[in-house]
Novice: 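Sharing a structure with you now.
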Amino acid sequence: MGEMSSFQLGVIGALFLSVASSVSIVICNKALMSNLGFPFATTLTSWHLMVTFCTLHAAQRFSLFESKPIDMKTVMLFGILNGVSIGLLNLSLGFNSIGFYQMTKLAIIPFTVLLETIFLKKQFSQKIKMSLFVLLVGVGIASITDLQLNFVGTILSLLAIVTTCVGQILTNTIQKRLNVSSTQLLYQSAPFQAAILFVSGPLVDQFLTKQNVFAFKYSSIVSAFIILSCIISVSVNFSTFLVIGKTSPVTYQVLGHLKTCLVLTFGYTLLHDPFTERNIIGILIAIFGMVLYSYFCTQENKKKQADPLVSQMKDKEGAPFLGLEKEGQEDKNADKDSHV
């Protein structure tokens with residue numbers, strides 16, 4: 001019981017850190033891009049990852065965590081995949097309307113459920129699926145205002161959905177099957193994510209904004225906000241890996257939609273963004289869906305704890321996902337494979 005209570009406390013801490021840091025960086029980046037005119041989102045993300053790696057490297061040198069070697073091919077492909085997914089999401093936003101981009105983000109949850117069901121043989125109850133549907137309807141009402149379709153934008157959105165889902169599933173799967181912590185995985189993969197975005201970021205940003213990041217005039221206040229954004233990003237990146245590792249990719253996406261609701265609310269109260277009755281209704285429906293999701297997850301986890309044999313049979317994973325092999329961790333992780 002003590003170990004379970006400690007685990008649940010760790011999950012709550014990870015969720016709180018993720019929400020707080022993500023909302024903070026959205027507000028910071030919105031001020032940086034909308035008010036200060038710095039539009040280079042992809043390049044900024046590469047700087048975030050470089051600062052994250054440097055911070056973790058310093059922490060590792062001071063023995064704050066132990067670096068665990070992971071197969072180089074696995075880490076490299078994982079890092080490149082995550083970097084590509086970020087670039088594709090930014091391109092999707094550039095080629096599509098904001099409404100269609102929000103639809104792209106909403107599609108990540110059902111596609112993740114589909115992939116985990118097919119490849120990992122994971123089971124989602126009807127109650128969980130119903131709560132996710134309510135959540136997605138609420139977020140859709142609150143955030144989607146227009147749906148303008150075009151062929152290139154649709155292809156980019158589909159690729160963004162696939163790479164994002166696979167990347168988040170692998171974030172969870174690698175930690176469990178290779179028995180590495182979120183910090184160890186982030187430390188190993190961040191250089192590859194940063195490298196691909198550092199090379200492609202300026203090109204993507206110039207294509208989308210028609211501006212050159214290296215020709216931009218960096219005032220002291222712009223530089224200060226960039227530094228602040230990079231500092232917050234360390235917590236964002238760490239909490240992302242932590243939440244996905246401790247819970248699941250679907251739970252992380254649910255948390256992401258909670259952040260969307262909070263950002264809309266803070267945007268209205270702090271930045272005086274337009275806010276309509278539709279936004280309010282959508283947010284309330286989304287919060288209701290999140291409450292249902294949390295309640296059903298809690299009830300199902302209690303049933304699993306009461307009957308561990310059923311839990312092991314129900315959560316038994318199928319064939320290795322994308323060729324990732326288990327390394328003798330089945331017996332250690334069988335009763336912790338899913339907290340959805």
Novice: Between Asn96 and Ser157, does any side-chain donor sit less than 3.5 Å from a side-chain acceptor?
Specialist: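 Yes, a side-chain donor-acceptor pair sits under 3.5 Å.
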Novice: What's the separation between atom CG in Leu228 and atom OG in Ser223, rounded to the nearest 0.5 Å?
Specialist: 12.5 Å
Novice: Where is the tightest heavy-atom contact between Pro110 and Leu106, given as atom of each residue plus distance?
Specialist: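 Closest heavy-atom pair between Pro110 and Leu106: CD-O, 3.2 Å.
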Novice: Given the rule in the side-chain hydrogen bond (donor to acceptor under 3.5 Å, both in side chains) test, do Gln188 and Ser67 qualify, once you have shown the distances and angles that lead to the verdict?
Specialist: CA-CA 8 Å; Gln188 296 282 342; Ser67 176; 3.3 Å; yes
Novice: Looking at Phe198, I'd like to know if its CZ atom is crowded, meaning that more than 12 non-hydrogen atoms belonging to other residues, nucleotides or ligands lie closer than 6.0 Å.
Specialist: no
Novice: Have Thr276 and Asn279 got a donor and an acceptor in their side chains that come within less than 3.5 Å?
Specialist: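 Per modelled atom types, Thr276 and Asn279 side chains form a pair under 3.5 Å.
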Novice: Surrounding NZ of Lys259 (heavy atoms of other residues, nucleotides or ligands, distance under 6.0 Å), is the total greater than 12?
Specialist: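 Above 12, so yes.
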Novice: Tell me whether Phe288 at atom CZ has more than 12 heavy atoms from other residues, nucleotides or ligands lying less than 6.0 Å away.
Specialist: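 No.
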Novice: Hey, does the Lys NZ or Arg CZ of Lys210 hover above the aromatic six-ring of Phe207, less than 6.0 Å from the centre and inside 45° of the axis?
Specialist: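 Flagged: Lys210 positioned over aromatic ring of Phe207.
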Novice: Have Ser125 and Glu300 got a donor and an acceptor in their side chains that come within less than 3.5 Å?
Specialist: yes
Novice: Please name the pair of heavy atoms, one in Ile128 and one in Cys297, separated by the smallest distance, quoted to 0.1 Å.
Specialist: CD1-SG, 3.7 Å
Novice: Are Tyr252 and Thr247 close enough that a side-chain donor and a side-chain acceptor fall under 3.5 Å?
Specialist: no
Novice: Between Ala14 and Val243, what is the shortest heavy-atom contact and its length?
Specialist: O-CG2, 3.4 Å
Novice: So which heavy atom on Phe65 is nearest to which on Leu56, and how close?
Specialist: CE2-O, 3.2 Å
Novice: Taking atom CZ of Phe151 as the centre, report whether more than 12 heavy atoms of other residues, nucleotides or ligands fall under 6.0 Å from it.
Specialist: no
Novice: Evaluate whether atom CE of Met103 has more than 12 neighbouring non-hydrogen atoms of other residues, nucleotides or ligands under 6.0 angstrom away.
Specialist: no
Novice: Can you tell me how far apart CG (Leu88) and CD1 (Ile155) are? Round to the nearest 0.5 Å.
Specialist: 11.5 Å
Novice: So which of Leu258, Thr260, Val236 actually passes side-chain contact (heavy atoms from CB on, under 4.5 Å) with Ser22?
Specialist: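 Of the listed residues Leu258, Thr260, Val236, the side-chain contact (heavy atoms from CB on, under 4.5 Å) partner of Ser22 is Val236.
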Novice: Centroid-to-centroid, Phe225 to Phe38, below 6.0 Å?
Specialist: no
Novice: More than 12 heavy atoms of other residues, nucleotides or ligands under 6.0 Å from CD1 of Ile221: is that the case?
Specialist: no
Novice: Does Thr164 have any side chain to side chain donor-acceptor pair (under 3.5 Å) partners at least two apart in sequence or in another chain, and if so, which?
Specialist: none
